[in-house]
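Down below is the structure, laid out as structure tokens.
All ligand and atom numbering here is 1-based and tracks the order in the structure. Keep in mind the model is a prediction, meaning the values are calculated, not measured.
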Amino acid sequence: MAMGESVSEDMAWSLAWGVGGLLLLAWALRTLNWAWWTPRRLERALRAQGLNGTPYRFPNGDFKENIRLAKEASSTPMPLTHDIVPRVLPFLRRAIDEYVPRVTIMDPELVREVLSNKFGHFGKPKGSPLGRLFLRGLVSYEGEKWVKHRRIMNPAFHVEKLKRMLPAFCACCSDLMSRWENLVGSEACYELDVWPELQSFTGDVISRTAFGGSCEEGRRIFQLQAEQAELLIQTIQNLYIPGYRFLPTPKKNRLKAADREIRALLRGIIKKREQAMKLGKASNDDLLGLLMESNLEYYQEHGNKNAGITPEDVIDECKLFYFAGQETTSVLLTWTMIVLSMHPSWQVRARQEVLQVFGERKPDFDGLSRLKNVTMILYEVLRLYPPAVFLQRQTYKTMKLGDVIYPPGVTLLMPIIFIHHDLNYWGKDANEFNPERFAEGISKASKDHVAFFPFGGGPRICIGQNFALLEAKMGLSFPLLPSPNLLPAQPPSPRERPTTRRPQCRAGEQRSVCGRSIELKLEERRRMAAQQPQQQQQVANSFTSQFAVMSKAQLYDILSQMKALIEQNQQEARQILIDNPLLTRALFQAQIMLGMVQSPKVMSNTQQALQQPQPAQVGQPQIVHSLQTVPAKVGEQSEPGSSQSLLSARQQHPTQPSISLPLASGSSQSLLSARQQRPTQPSISLSLASGSSQSLLSARQQHPTQPSPLSEPQTKGFLNLQVPSVTPIQSSQIQNISQPNPAAPHYSNLPSHLPMISVHPQQTLQNPGLFNQLLQPPFPLQPRQVTMQPFAIQFHPQMPHSLGLQPSSASQQLLSQPLFHSGITPPSSFPQGQAPHPSQPPQHLYQVGSSHMGTDYGTQVSTSMQKDRGAPWVLGSSEITTVGTQLPGLPPMISGQIATGAGGQPPRPPPLTPEMEKALLQQVMGLTPEQINLLPPEQRNQVLQLREMLK
Ligand code: HEM
């Protein structure tokens with residue numbers, strides 16, 4: 001008995017060992033196949049076609065090198081430049097630089113082809129198994145399931161539905177503004193790191209818009225999801241080992257616990273909503289309600305109980321809203337703020353437009369659709385800083401793309417960020433911030449309109465793009481409004497802000513968020529006199545009176561300092577003068593007073609400058625040229641005891657004219673100290689001279705239509721966006737600095753359209769952003785893929801060949817379609833977000849949530865926006881002339897003095913001799929209609945009135 005028992009025990013053990021051994025062998029073979037045979041096979045297939053690239057290295061491919069380069073790139077502070085590619089994707093950048101010929105997928109036309117997913121043979125890589133465990137939903141589905149989900153979800157993102165969410169957007173913005181106001185409190189100055197602020201803002205927006213009344217529970221859900229995301233990223237950043245996901249590590253246990261809690265909460269919300277719907281009490285204005293409504297309709301349409309999606313599916317989609325929509329939009333908003341702080345003139349334009357459209361009322365849908373400057377700015381930010389830096393697809397079967405035949409299993413990578421920065425498509429200023437390029441729409445912004453696709457393209461274009469743009473416009477408009485207690489910021493100069501409250505990512509910091517470095521400075525400020533032209537007039541007159549009482553030496557002194565600035569940095573000086581018309585006018589006036597400019601000559605010169613700008617002088621304020629004639633050593637001419645008074649014009653904020661004009665008395669040691677702070681933040685400050693000086697002028701950069709604060713304390717102000725000057729933006733702060741499969745050897749093919757292969761072990765990126773990590777998971781399914789550098793859609797093996805994703809008619813249509821627009825506005829032929837479905841009529845079907853979008857500015861949020869697009873987007877409209885297009889060379893005195901004379905308002909300052917006045921009047925009379933049109937409305941009226949009087 002005992003012996004028998006021991007025999008059977010032995011047998012059991014042997015069996016167990018045998019089975020264990022077999023399992024181990026199977027695992028080993030599978031791993032070997034994944035980590036060696038498949039990558040090598042694919043690599044050979046691609047090399048055989050002439051593709052070049054790094055050789056596959058077992059087991060990590062280029063992973064280590066990628067990490068090394070990423071660390072190296074982030075080890076030094078990043079200069080304030082928009083050329084972020086080498087920083088964001090250093091490995092890929094180098095690979096492309098080194099390995100020519102490169103990937104065809106750098107060609108936007110091929111991107112379009114891949115994204116159009118013709119015949120359903122390009123699919124998404126499967127991504128990390130762990131990621132799939134926690135993040136499912138539309139983004140991860142393929143085939144029929146994707147078709148069904150997309151159709152059910154589309155209606156929730158229609159414009160009409162988005163309109164219903166506006167109150168929720170508004171409430172979130174108001175809360176944010178109140179929070180900032182409270183933070184500022186009684187402090188004169190407060191700096192805050194906007195990245196976490198905006199992250200929580202967009203989280204709040206999603207919570208409210210997804211769950212409406214249940215937003216408290218929604219917030220808890222999103223907190224848990226944020227935690228999950230963090231844990232997921234940490235987990236999947238490690239080298240992928242098959243089977244690893246089954247090991248119960250503390251992180252994974254926490255992930256699962258959070259997942260259970262989220263699902264329980266969501267189940268509760270859905271149940272309540274179902275009951276309310278049955279009783280007819282549910283207001284389906286939130287994403288959840290809209291999804292459930294649409295699901296019900298779908299189910300009724302098909303008359304089949306199982307036709308719609310299950311509650312578990314709804315839970316997955318709700319979770320996805322957060323993952324897909326929260327970080328992407330906060331990245332967009334944060335970068336927009338950074339960029340506006342670097343480009344004050346665009347900040348002025350945006351603010352002007354917002355003020356013009358909304359005044360002091362809260363932004364509404366129609367108004368938002370008319371914000372063309374804001375839209376142009378957002379497009380340009382999406383171009384330079386796309387939240388999703390690349391897309392990936394995988395070949396599902398052998399596919400020919402360009403001249404290359406790709407075997408199944410090849411990962412194609414489409415680096416949005418590269419194409420968005422490509423000089424070939426965007427011109428020499430590709431790395432510059434120039435929203436103007438979008439003035440005539442997306443299709444005219446680049447040489448190839450396919451070159452802009454921040455929201456992807458084709459059927460899988462971002463379903464939430466309109467939602468995101470609406471939110472971004474709203475989120476941007478609020479801080480630009482004269483919110484009652486929100487105080488404006490003041491651009492810091494390096495020495496003025498020795499500390500930053502929340503320093504951004506420093507060199508070497510490996511966080512992968514974008515914009516962590518931006519800080520806003522909210523500073524108590526005097527009342528903006530934007531609505532008080534009278535005050536502006538007074539300021540102008542004060543300027544004039546200041547100059548009137550100065551001695552010649554003092555005037556020379558000021559002019560010479562301006563001249564020094566011009567010599568030092570002509571561009572900056574030009575901008576200062578354009579942005580500070582009052583200062584410009586005063587300087588011009590000083591020249592007249594000093595006899596440096598003869599009146600008649602001034603006039604003819606001016607006209608000449610206006611009418612026939614010299615090549616070298618185009619865009620140069622007239623004053624710049626005349627100042628170049630100021631004697632170099634004016635100090636020698638100074639009267640004893642006079643001027644060291646300082647005219648230090650610091651460009652602070654164009655819309656925040658805070659000229660303080662303590663009257664110069666007596667000695668006035670004025671000094672024009674124009675400091676060049678940094679290239680992107682020219683700063684003029686007109687401040688008090690030390691010692692004897694009653695400072696003459698303390699003029700901050702103003703905007704003509706934004707009068708400056710006077711003595712009265714203000715209760716209103718604007719948020720001013722500025723980049724902290726001390727610590728530049730780090731690449732590591734750039735969100736989604738995810739790098740495409742670092743482990744993958746890269747094969748590039750550029751001009752020759754030969755791809756750059758990279759055989760990779762599906763390793764995640766070093767700095768994966770949520771979006772790129774989770775929406776576009778870098779972990780392919782088995783087998784390991786060969787990654788072509790930029791663009792490849794991947795269909796995984798389990799995808800049926802005849803998925804019907806693209807019915808033949810649709811495919812043909814796609815093929816014939818020339819362009820798709822940046823995911824934003826796909827051409828009608830490019831089925832955006834529409835799952836081809838046999839039951840769908842071909843055309844309108846393909847206009848999913850984006851059906852309302854036009855063919856160009858698809859990012860527009862509504863039909864009304866689209867309608868509005870035409871006219872308001874055309875340059876030359878009033879806001880453009882009032883903001884950015886200060887007429888260079890136009891002597892600025894026409895606004896102040898002439899208005900004075902014409903309006904019979906305050907008397908002209910004494911120093912204007914009849915001769916000068918005559919010259920000025922001649923100038924006014926000599927203005928061409930075009931020049932007059934370029935003036936700000938107020939000045940224009942004044943000029944017209946005066947001309948009328950003089951006739
Ligand atoms: C600035 C903000 C956003 C950007 C730049 C962005 C970008 C993208 C991109 C590039 C894709 C395509 C991925 C691919 O083809 O592999 C995508 C897909 C998607 N996005 Fe967005 N997105 C943004 C905001 C949102 C928002 C607010 C939501 C939801 C509330 C959302 C939900 C989705 C979903 C569900 C998909 C998957 C669509 C599908 O596969 O059919 N996104 N997004």
Should you measure from each heavy atom of [X], which atoms of ligand 1 turn up under 4.0 Å away?
| X | result |
| --- | --- |
| Arg150 | 38 (C), 39 (C), 41 (O) |
| Gly464 | 26 (C), 27 (C), 28 (C), 31 (C) |
| Leu320 | 35 (C) |
| Gly456 | 10 (C) |
| Pro387 | 5 (C) |
| Pro454 | 5 (C), 7 (C), 10 (C) |
| Val139 | 37 (C), 40 (O) |

Answer yes or no: is there a donor N or O on one side and an acceptor on the other, between the side chain of [X] and the main chain of [Y], under 3.5 Å?
| X | Y | value |
| --- | --- | --- |
| Thr329 | Ala468 | no |
| Ser294 | Leu291 | no |
| Arg136 | Tyr141 | no |

Query raised in the report: Got an N/O contact under 3.5 Å between Thr329 and ligand 1?
Result: no
With a heavy-atom distance limit of 4.0 Å, tell me whether [X] approaches ligand 1 through its side chain, its backbone, both, or neither.
| X | answer |
| --- | --- |
| Phe467 | side chain |
| Lys124 | side chain |
| Leu391 | side chain |

Query raised in the report: Looking only at heavy atoms of Tyr141, does any of them come nearer than 4.0 Å to an atom of ligand 1?
Result: no
Requested in this report: Return yes when Trp146 approaches ligand 1 closer than 4.0 angstrom through a heavy atom, no otherwise.
Outcome: yes
Taking 4.0 angstrom as the limit, do [X] and [Y] come out as a salt bridge?
| X | Y | value |
| --- | --- | --- |
| Lys148 | Asp313 | no |
| Glu293 | Arg273 | no |
| Arg112 | Asp107 | no |

Query raised in the report: Under 3.5 Å, is there a donor-acceptor pair between the Thr375 and Lys473 side chains?
Result: yes
Requested in this report: Specify whether Trp426 and Phe438 have parallel, tilted or perpendicular ring planes, treating 30° as the upper limit for parallel and 60° as the lower limit for perpendicular.
Outcome: tilted
Query raised in the report: Does a side-chain heavy-atom distance below 4.5 Å link Pro386 with Phe455?
Result: no
